[in-house]
Amino acid sequence: MDAAPLPTAGPRHPIPQPGSARHTLLRLVTAMLDGEDEREVLWGAMAAIAATGPFIAEAAYAVHGGLARRCPPSRVAAPATVQPGCAAASEPAEAEPTGEAAAEAGTAEEVAADLLDRRIGALDGYSRHLRDFGGLWVQAIALRYRDHCLGYLVVRSPTSPSAEETALTNLLAQQTGIALARFTGRQGEPARDGPESSPGIEDQPATRSGSPIAGLSTTVSALTSRLALHDALSRAATSGEGEAGILQVLHDSTGFAVRTEDRFGNPRAEVGPGRNEPQTGLSGRPHPEPENQRQDALIQSVRRRPGAFRDRDRLVVPIQMAGDLLGVVTLIDPNRRTTETDSSALEQAALVLAPLLSHERRLAELEPHLRRDLVDRLIAGEANNDVFTQAAALGHDLRRPHKAAVLDWPGATERAALGDAVARAAQRLHRDVLVGSRGATTVVLEADEDRCDPGGELYRAVSDELGTGAGSIGVGGRCDVCTELPHSYDEAVRALTVRRRSQDPYGSTGFEELGLCRMMGSGEGEREADRFVREWLGKLLDYDARHHTELVTTLSRYLESGGSYGTTSETLLIHRSTVRYRLQRIREITGHDLSDVETRLNLHVATRIRNVIDAPR
């Protein structure tokens, strides 16, 4: 993405791209061993960063006594940069501004430089993004040694760096911090003893005694080993083995058991000895209730503190992306045998895991939205060729026969919770479904495999997931093509409506089960069914309500038996004479002739509907 360049004081310094990363590392190590001052180390590091991405230098700062001081390019470092307008520049030089234009340009650069100086001076000693500079990716890279910040490198790039580029940049920053510590020590500011917050490779001797060639070889060997580890981690990340593959590389490199946890302290994956031990949270032990406060405090500590730190029997590094805590990766080290090399490997693994976990989170957040959108389009009758592609991307084949189901679960605290429970239940039942929503109900489009069960199995599975059976499912008819799904959805809604109004509202009902009740459902059909029942059974319903009798039930059983007194008495467990008496009362109350064929048919239909739905009010 093109964006306006960041204004700074003085010329910008594009960093050249060396022919090999090893050659660049050698140049950095040479600066660390032979550099005459901080400027050579800082701008030598700027040149080395060229191996990690298309970065352009903005400024370099040395920190003394907590104050950041801008360091211009040294004479030694200057040839390593390409100044705009020189013969080596890839673009023709622009004419130098003169007069008022030059004065205005100079003033603007001075203002921008002052702003950048103040921004750097306000940092807390750690690397930070500088987000408000024309939309470019601009980073202040902290150069740390032990628990001190010794300087900053400010670089920009037209695009955000990759995880590999970020990891290599951090590696070079660590080594630059070690190099700067030599000059800091000569200036009477020795690094304080204590635990390292950002361990690098083994420290080089502070004196210039010994063989420079031997020191150079040792440092290059250590850097090469770190690059080899990073390459192995990157290959594991892209091999399809995912998180487990990265942890396996880390375990092979360090020899320690390794684990990852999510941002709430719940275990994710582990490799190495002790895999059958009880799972632990961020506290390093199973989390009983008294540990919750300590766990929260540790999570807050992880958010504040970059780099490795010890928590009881573990070495912990946060996994972060753009300031967002995604989890932690740990080395299990009860005997405190980890070295700086192990800490560095742990930090590299965290850098490689960050984009993996971030991508996983984005997918987890995005996929339900995509599924809901697809379901909404299908039941609204907006199916086209695009829906097949979208469904395939979600792992669903729309070219198979389907049927729609709608669920209503007042016992579920949230609609999202019901959708998640349906997805888990379907996975447990090995059913291929798309879960969405429409209004207050959850909509499920299920690939139909000629099952005879009209939703009962799904109802029981969802009830188990939610811990309550206080819900209803309506299932529509089978569709051979996805363009028929709106019709199946309407049928499912009508089946759900009948189920919710039935004397047993909890359970599942298929549209095929409704029989005469298919005329019900929603809208005018439902109101017409209410009126029909009221017309033919209204007087009997009122009489039963006032006198606590069972005349409607008696009429229903009599008509279901085909007019048999004996069968009706056996079904109701009453005497035949009682059946005759009740039927006589029905004739008197309603005024209907039960011997008339059409009357009997209407009464039979009314009692059938009444047995499915509550008595109309």
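Quick caveat: nothing in here was measured; it's all calculated off a predicted structure.
Side-chain contact, Q248 with D252: a donor N or O sits under 3.5 Å from an acceptor N or O. Between the side chains of E38 and H64, at least one donor N or O lies within less than 3.5 Å of an accepting N or O. At a cut-off of 3.5 Å, with distance as the only test, a side-chain donor of E243 or T260 sits close to an acceptor on the other residue.
With a 4.5 Å cut-off on side-chain heavy atoms, V63 and L150 do not count as touching. Within the 4.5 Å cutoff, side-chain heavy atoms of T338 are placed close to those of F256. Residues V249 and L229 form a side-chain contact, since some pair of their non-hydrogen atoms from C-beta on lies under 4.5 Å apart. Using a 4.5 Å cut-off on side-chain heavy atoms (C-beta onward), M321 and P355 make contact. When side chains are defined from C-beta on, L115 does not count as touching V111, because their heavy atoms never get closer than 4.5 Å. In this structure, L394 and E367 have side chains that are in contact, with non-hydrogen atoms separated by less than 4.5 Å. Between V258 and I332 the shortest side-chain heavy-atom distance does not fall below 4.5 Å. Side-chain contact between T330 and L315 is absent, with no heavy-atom pair separated by less than 4.5 Å.
Geometrically, R156 does not engage F55 in a cation-pi contact defined by less than 6.0 Å to the ring centre and at most 45° from the axis.
Here the NE2 atom belonging to H148 is positioned 14.5 Å from the CG atom belonging to L143, to the nearest 0.5 angstrom. The distance from the CG atom of L351 to the CD1 atom of I246 is 11.0 Å, given to the nearest 0.5 Å. The structure places CD of Q348 at 9.5 Å from CG of D231, a figure rounded to the nearest 0.5 Å. Rounded to the nearest 0.5 Å, atoms CG (D124) and SG (C149) are 9.0 Å apart. With values rounded to the nearest 0.5 angstrom, L67 atom CG is found 10.5 Å from R69 atom CZ.
For D117, the side-chain hydrogen bond (donor to acceptor under 3.5 Å, both in side chains) partners are Y61, R70, not counting sequence neighbours. Residues that satisfy the salt bridge (Lys or Arg N to Asp or Glu O under 4.0 Å) test with D373, not counting sequence neighbours, are absent from this structure. Partners of R337 under the salt bridge (Lys or Arg N to Asp or Glu O under 4.0 Å) rule, at least two apart in sequence or in another chain, do not exist in this structure. With sequence neighbours left out, the ring-ring contact (aromatic ring centres under 6.0 Å, His included) criterion links H396 to H402. Applying the salt bridge (Lys or Arg N to Asp or Glu O under 4.0 Å) rule to D333 yields the partners R310; only residues at least two apart in sequence or on another chain are considered. For A350, the side-chain contact (heavy atoms from CB on, under 4.5 Å) criterion is met by V317, I319, V329, not counting sequence neighbours.
Formation of a donor-acceptor pair under 3.5 Å by the Q174 side chain with backbone atoms of R144 is not found in this model. Between the side chain of S344 and the backbone N or O of T341, no donor-acceptor pair lies under 3.5 Å. A side-chain donor-acceptor contact under 3.5 Å links Q390 to the backbone of L370. Remark: side-chain polar atoms of W43 are not paired, donor with acceptor, to backbone N or O of A60 under 3.5 angstrom. A donor-acceptor pair under 3.5 Å is formed between the side chain of S234 and the backbone N or O of H230.
Under the 4.0 Å criterion applied to side-chain N and carboxylate O atoms, E241 and R235 are not assigned as salt-bridge partners. Ion pairing between a basic and an acidic side chain is recognised when a charged N comes within 4.0 Å of a carboxylate O; D420 and R424 show no such pairing.
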Walk me through it: do H129 and V138 pass the test side chain to side chain contact (heavy atoms under 4.5 Å, CB included)?
CA-CA 6 Å; H129 290 291; V138 180; over 6 Å; no
Run R361 and L326 through side chain to side chain contact (heavy atoms under 4.5 Å, CB included) and show every step you take.
CA-CA 9 Å; R361 177 186 290 186; L326 304 171; 3.5 Å; yes
What do the steps show when you test R259 against V271 for side chain to side chain contact (heavy atoms under 4.5 Å, CB included), and what is the final call?
CA-CA 7 Å; R259 294 177 183 171; V271 173; over 6 Å; no
Could you walk me through whether L353 and L233 satisfy the side chain to side chain contact (heavy atoms under 4.5 Å, CB included) test, starting with their C-alpha distance in whole Å, then the side-chain angles of each, then the deciding distance to 0.1 Å, before giving a yes or no?
CA-CA 9 Å; L353 283 166; L233 291 169; over 6 Å; no
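When all heavy atoms are compared, the tightest approach of L153 to A45 is CD1-CB, 3.9 Å. Contact detail for L123 and A140: the closest heavy-atom pair is CD1-CB, 3.7 Å. Looking at every heavy atom in both residues, I120 comes nearest to A68 through CG2-CB, 3.8 Å. Nearest heavy-atom pair, L250 versus A349, reported as atom, atom and distance to 0.1 Å: CD2-CB, 3.8 Å. In plain terms, the two heavy atoms of V155 and M46 that are nearest each other are CG1-SD, 3.8 Å. The shortest non-hydrogen separation linking Q139 to S127 is NE2-CB, 3.7 Å.
Within a 6.0 Å radius of CD in Q427, other residues, nucleotides and ligands contribute 12 heavy atoms or fewer.
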